Enquirer: 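Before we start, here is the structure in question, set down as structure tokens.
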Amino acid sequence: MFRRSTVRSWLAGLLAAAVVGVALTAAEPAPRAAHAAACVGTSGVTVVVDFAALGGGVQVGCAPGDPATGLAALQAADFTVTGTARWGLAFVCRINGKPTAATEPCVNTPPVTAYWSYWHAPSGGSWSYSTSGATSYNPAPGSVEGWSFGAGAPPSIAAP
């Protein structure tokens, strides 16, 4: 038969392990800086992320080679991505930890006034709003992928 103090110790240990496990799963990944330049020619897919609406600037990175999806290009350009609890990475909720968890909990899709809109452009060309999600779009090497936070406006710089 178990003594009460043994059962309490066991339950306390189990609870502590559960709390640590939840904290580790809920923690945001550490933001990483993107490769600081556009791709050269058709060496990869250039990725532009516009943080201006969140108090930041615009970052440009290169996803080398031929990433299979827009999401793969974003990640290969060294941007961290957080999806929603409901849709996973099929819906990009945070890029490099922005917006913060205090602003957007990323449970469901964010409101249409505050989300990461997804764009495409040929190198040096005009932005076009994506009609496909980032997990189903296959960007061509030499093209440019754009992400802009807000109400659906394109990135604030021209496609490099």
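Given the structure is predicted, the values throughout are model-derived calculations rather than measurements. Side chains included, hydrogens not; waters and symmetry mates left out as well; all remaining heavy atoms used.
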Enquirer: May I have the list of side-chain donor-acceptor pairs in residues 46-55 shorter than 3.5 Å, sequence neighbours left out?
Expert:
residue: Thr46; atom: OG1; partner: Cys39; partner atom: N; Å: 2.9
residue: Asp50; atom: OD1; partner: Ala52; partner atom: N; Å: 2.9
residue: Asp50; atom: OD2; partner: Ser156; partner atom: N; Å: 2.7
residue: Asp50; atom: OD2; partner: Ser156; partner atom: OG; Å: 2.7

Enquirer: Any idea which heavy atoms bring Cys62 and Ala38 closest together, and the distance?
Expert: CB-C, 4.2 Å

Enquirer: If the condition is side-chain hydrogen bond (donor to acceptor under 3.5 Å, both in side chains), which residues does Trp119 pass it with, not counting sequence neighbours?
Expert: Ser117

Enquirer: If you measure from CD on Glu145 to CH2 on Trp127, what distance do you get to the nearest 0.5 Å?
Expert: 8.0 Å

Enquirer: With sequence neighbours left out, write down each residue that passes side-chain hydrogen bond (donor to acceptor under 3.5 Å, both in side chains) with Ser132, or none if nothing qualifies.
Expert: none

Enquirer: Under 3.5 Å, side chain of Ser123 to main-chain N/O of Pro160, donor-acceptor pair present?
Expert: yes

Enquirer: Taking only residues two or more places apart in sequence or in another chain, which ones pass side-chain contact (heavy atoms from CB on, under 4.5 Å) with Ala114?
Expert: Pro111, Phe149

Enquirer: Considering non-hydrogen atoms only, spot the tightest contact between Pro99 and Glu104 and give its length.
Expert: CG-CB, 3.8 Å

Enquirer: Output every pair passing side-chain hydrogen bond (donor to acceptor under 3.5 Å, both in side chains) with a member in residues 106-116, not counting sequence neighbours, ordered by first then second residue.
Expert: Tyr115-Tyr129

Enquirer: Under the ring-ring contact (aromatic ring centres under 6.0 Å, His included) rule, collect the residues that match up with Tyr118, sequence neighbours excluded.
Expert: His120, Trp147

Enquirer: Applying side-chain hydrogen bond (donor to acceptor under 3.5 Å, both in side chains), can you list everything that pairs with Ser143, at least two apart in sequence or on another chain?
Expert: none

Enquirer: Going by the rule side-chain contact (heavy atoms from CB on, under 4.5 Å), which residues pair with Leu71 if we only count those two or more places apart in sequence or in a different chain?
Expert: Thr69, Gln75, Val81, Leu89, Val92, Ala134, Thr135

Enquirer: Among residues at least two apart in sequence or on other chains, which ones pass side-chain hydrogen bond (donor to acceptor under 3.5 Å, both in side chains) with Thr84?
Expert: none

Enquirer: So which atom in Val45 and which in Ala73 form the shortest heavy-atom distance, rounded to 0.1 Å?
Expert: CG1-CB, 4.2 Å

Enquirer: How far apart are the closest heavy atoms of Ala159 and Gly125, and which atoms are they?
Expert: CB-O, 3.6 Å

Enquirer: Which pairs count as disulfide bond (SG atoms under 2.5 Å apart) when at least one residue sits in residues 72-151, sequence neighbours excluded?
Expert: Cys93-Cys106

Enquirer: Does some side-chain heavy atom of Ser148 sit less than 4.5 Å from a side-chain heavy atom of Pro155?
Expert: yes

Enquirer: Please name all residues satisfying side-chain contact (heavy atoms from CB on, under 4.5 Å) with Pro141, sequence neighbours left out, ordered by chain then number.
Expert: Thr42, Asp66

Enquirer: Other hydrophobic cluster members with Trp87, side-chain heavy atoms of Ile/Leu/Val/Met/Phe/Trp/Tyr under 4.5 Å, chained?
Expert: Phe91

